[in-house]
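Residue numbers begin at 1 in each chain, while the letters A, B, ... track the order of the sequences.
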Amino acid sequence: MIRIYNTLTRQKEVFQSITAGEINMYVCGPTVYNYIHIGNARSAVAFDVVRRYLEYKGYNVRYVSNFTDVDDKIIKRAQDEGVSEIEIANKYATAFNDDTLPLNIKPATIRSRATEVIPDIITFVSDLIDKGYAYESDGDVYFRAKKFEGYGILAHQDLSEMEKNAAGRLDDVELKRKEDPIDFAVWKASRNTTEISWQSPWGMGRPGWHIECSVMAQKYLADTIDIHGGGIDLAFPHHTNEIAQSEARTGAKFVNYWMHNGFVNVNNIKMSKSLGNFTTIHDLLTIYPDPMAIRYLLATTQYRHPINYNDDTLKQAQVELDRIRTAYRNLYFSLNSGKEFTDEKLELQVKKYVQDFEIAMDDDFNTQNALAAIFGLVSLANDYVDHNDIAKKSAQKLADKLAKLMSIFGVKELLEEQVLTAQQTQLLSDRVEARKNHDFELADHIRNELNQLGIIVEDSPQGQRWHNK
RNA sequence: GGUAAUAUGGCCAAGUGGUAAGGCAACGGUCUGCAAAACCGUGAUCGCCGGUUCGACUCCGGUUAUUACCUCCA
C-alpha cells in the first residue's frame, strides 16, 4: 500500500490508481530557453524515482511531460541572439536530453512540445469560451478565474488577497483588458509581427503559459489523471490555473494526486534562473567526473525536502555512493570463491532489508529510510565477505538486490568495467607470487607500481583483489 | 501584509505520545607481513517559553530564526 502526500489536501493519502495496474502521470517539463540547472534536474530526478518505484511495484506507468517551447523568455532570447524561437527551443531541448541522459533519467513515454499541439490548444480555448469560462479581449483570451469554484485551493490562496496583489502589479493596459485582475491568459495576441505566432479565431497569437499542460494531459492521458508533478513553485499559479481550465472544460476532476518537489538551495537560498545563483547540469557534468554521484545526491533526499547544494554535500554523496560500490565490488569478488550451498540466514536478512526498503518507499517515497535499508544490505555484504565459506547463490542474491534497489534511485553500474592491460595482468600475478615467497618488499613495490598505473590492490581473505583507482 | 514550510549530535538526515534509525566525519580498538577494505566501540534530550499527559522531539498555545509562494521560476 503506497501513500502519497497530496498537495491539494495537504496530507498523505492511500494511493489508488484509476485503472488497476496502470498509472497516468504528468510532470511539468522545462521551458527550453537555457540549459537546465541542478534544480530543474532535481525535479526530473525526483519524479523519475517515483516512476521507477511505481514500475518496480508492478504498475505500467504512462509518463507524459512537456517542453515549453514558446513563451516570453524564449522570444526574448531569440531576439537577443538574432535567431528564431525554434532554433533556441531546439538547441535547449537537445541539451535537456543530453544532460539528463548521464543522470539516468528515463525518457518520458511521451514528451510533447507546446508548438506541436497548437490546434488542440485553440480547440481547448474555444471550448472554454463556449462554456463561458473565458473571454476574448483585444486579441487576448482570458480565463474567468472567479467563475471557477474553488480557484486557488491548491496553493491555499485567498481570492481577495490575490485580487489586491494582482491589481497592484498590473499596468493600466492589462487591467483594462481583464475583467478581473486575477484572470489569466490562455491565449496571448501577438503585439508585433516579428515574434512567433499562429492564426487563431482571435487573430495572430500564441498560447498562454498554463494551457499546454492541460491540453497535453487530456490529449495524451485522460480527463482525470492519477498523478501530476512539478516543483512546489508551480502550485501557484501554474497548477492552480491548470486545474481551473481543465476542470472547466471537462467537468471532471483533473488530478487525483498532486505531488510537488522541494527546491535545491544554494546557501539556503533557492537556486533559480531569475536569481542567477545556479549551476547548470551542462557545466557540472564537464567539471565533475561522476554523474552518478550527482544523481545519488538528487535522488536520496526525500522529494519534498529541500536539498542544500554545495561542494560539501556533493562530496558527501560521492563518499556514500563509493561505500556502496565498494561493498558491491568486494562482494562480487568473493563470489569467485563461492560454494554451492544456501545460506538461509543471509537470505532471510536480505529479505528483511528489501522489505524495509519497500515500507519506506511506500510511505510517500521516504528515500532516507529506504537508504538506511540499503546500508543494511551494504553492512551485510561487508560482513559476509569476511566469511570463510561464501554461499555463492545466496551472496549473488544479495548483490542482485543491492543493485536492484539502487536502480530505483536511478544509480546504475555499481561495478565499473575493469579491463587490464597485459602489463597489469603480469604485475598482479607477479605480486601474488612474491607474497607467496614472503618477498614483501617486492610485493609492496609492485603494489606501488600498479597504483601508478591506476590499479588499487587489496588483499582479502579470498585472495588478492584489485579495482580501478 | 497574507499563506505555508522548516528548526534533531561537527555535517547530511529518519523519527508524530513511552526515554532519539541510518550515513559521513572524528576518536579508540580488531583484522593485516605492511596497507587497503571491513568490522567492533564511543557522542545529541531534539530552536526557545509555557500548557495537556503517568509520560512529548512527537499534541496545544506562544515566541524566535530561516526559507518559500502571493501570476518569470522545477
Side-chain angles (χ1 to χ4, degrees), chain A residues 7 10 27-31 33 36-47 71-73 76 145 152 155-158 160-166 168-170 181-185 208-210 229-238 240-241 260-265 268-275 278 297 300-302 304-308 312-313 315-321 323-324 326-327 329-330 333 356 360 366-376 378-379 381-386 435 438-441 443-444 447-448 451 456-461 465-467:
Chain A
T7 309
R10 296 199 181 247
V27 176
C28 288
T31 301
Y33 74 107
I36 59 164
H37 59 60
I38 299 170
N40 302 121
R42 195 267 167 101
S43 185
V45 167
F47 292 107
D71 103 313
D72 292 348
K73 292 190 293 292
K76 180 171 188 311
H156 295 242
Q157 294 288 326
D158 181 70
S160 57
E161 276 295 319
M162 285 160 60
E163 259 181 316
K164 215 165 56 190
N165 283 324
R169 193 178 315 100
L170 300 174
I182 61 171
D183 290 351
F184 59 90
W209 172 37
H210 319 293
I232 185 62
D233 55 336
L234 296 183
F236 188 88
H238 187 54
T240 295
N241 293 347
H260 291 98
N261 67 276
F263 288 126
V264 172
N265 295 331
N268 293 318
I269 309 274
K270 163 188 176 180
M271 175 183 288
S272 81
K273 286 177 180 169
S274 49
L275 291 177
F278 63 90
L297 173 65
T300 55
T301 302
Q302 208 269 354
R304 286 190 285 125
H305 288 207
I307 297 177
N308 197 21
D312 288 340
T313 52
K315 189 182 170 196
Q316 185 164 322
Q318 181 76 63
V319 171
E320 289 181 26
L321 174 57
R323 179 173 152 82
I324 296 168
T326 301
R329 186 179 62 227
N330 291 344
F333 174 79
D356 287 349
N366 191 328
T367 43
Q368 276 294 325
N369 281 341
L371 195 61
I374 296 230
F375 276 103
V378 166
S379 294
N382 285 336
D383 187 52
Y384 203 66
V385 164
D386 285 337
R435 289 190 78 229
H438 291 271
D439 188 349
F440 296 120
E441 204 178 321
D444 290 353
R447 184 165 64 198
N448 286 335
N451 189 299
I456 306 282
V457 178
E458 299 168 352
D459 299 311
S460 83
R465 72 188 175 209
W466 54 271
H467 63 90

Fill in: Watson-Crick or G-U counterpart of B:U52, or none if no pair lies under 3.5 Å
none

Worksheet item: On a whole-Å scale, what distance lies between the C1' atoms belonging to B:G41 and B:C49?
Response: 38 Å

Practice prompt. Identify whether any heavy atom of A:G262 sits under 4.0 Å from a base atom; if not, whether one sits that close to sugar-phosphate; answer base, sugar-phosphate or nothing.
Written response: base

Item to complete: May I have the distance from A:F263 (atom CZ) to B:C69 (atom C1'), rounded to whole angstrom?
Response: 8 Å

Discussion item. Quick check: do A:R42 and A:I307 have side-chain heavy atoms less than 4.5 Å from each other?
Written reply: yes

Worksheet item: Taking any strand in view, what nucleotide pairs with B:U16 in a Watson-Crick or G-U wobble way, both distances under 3.5 Å?
Response: none

Practice prompt. Under 4.0 Å between any heavy atoms, over every strand shown, what does A:N165 touch: base, sugar-phosphate, or nothing? Just pick one.
Written response: base

Item to complete: Could you please name the partner base of B:G1, counting Watson-Crick and G-U wobble pairs only when both distances are under 3.5 Å?
Response: B:C70

Discussion item. Test side-chain contact (heavy atoms from CB on, under 4.5 Å) on A:N382 and A:R323; report intermediate values, then the result.
Written reply: CA-CA 10 Å; A:N382 285 336; A:R323 179 173 152 82; 4.1 Å; yes

Discussion item. Using Watson-Crick or G-U wobble geometry with both distances under 3.5 Å, which nucleotide pairs with B:A7?
Written reply: B:U64

Discussion item. With rounding to the closest Å, how many angstrom separate the C1' atoms on B:C12 and B:G2?
Written reply: 34 Å

Practice prompt. Check whether any side-chain N or O of A:K270 sits under 4.0 Å from OP1 or OP2 of B:C69, and answer yes or no.
Written response: yes

Worksheet item: Does B:C46 have a Watson-Crick or wobble partner in any strand here, with both distances under 3.5 angstrom, and which is it?
Response: none

Response to the item:
Winner on side-chain proximity to A:Q368, out of B:C24, B:A74, B:A21, is B:A21

Worksheet item: Should B:A38 form a Watson-Crick or G-U wobble pair with both distances under 3.5 Å, which nucleotide is its partner?
Response: B:U30

Worksheet entry | Short side-chain N/O contact to B:C73 OP1/OP2 from A:W209, under 4.0 Å | yes

Discussion item. Check the phosphate of B:A37 against A:R465, side-chain N and O only, distance under 4.0 Å to OP1 or OP2. Yes or no?
Written reply: no

Worksheet item: Where does the angle between the aromatic ring planes of A:F184 and A:H210 fall among parallel (under 30°), tilted (30 to 60°) and perpendicular (over 60°)?
Response: perpendicular

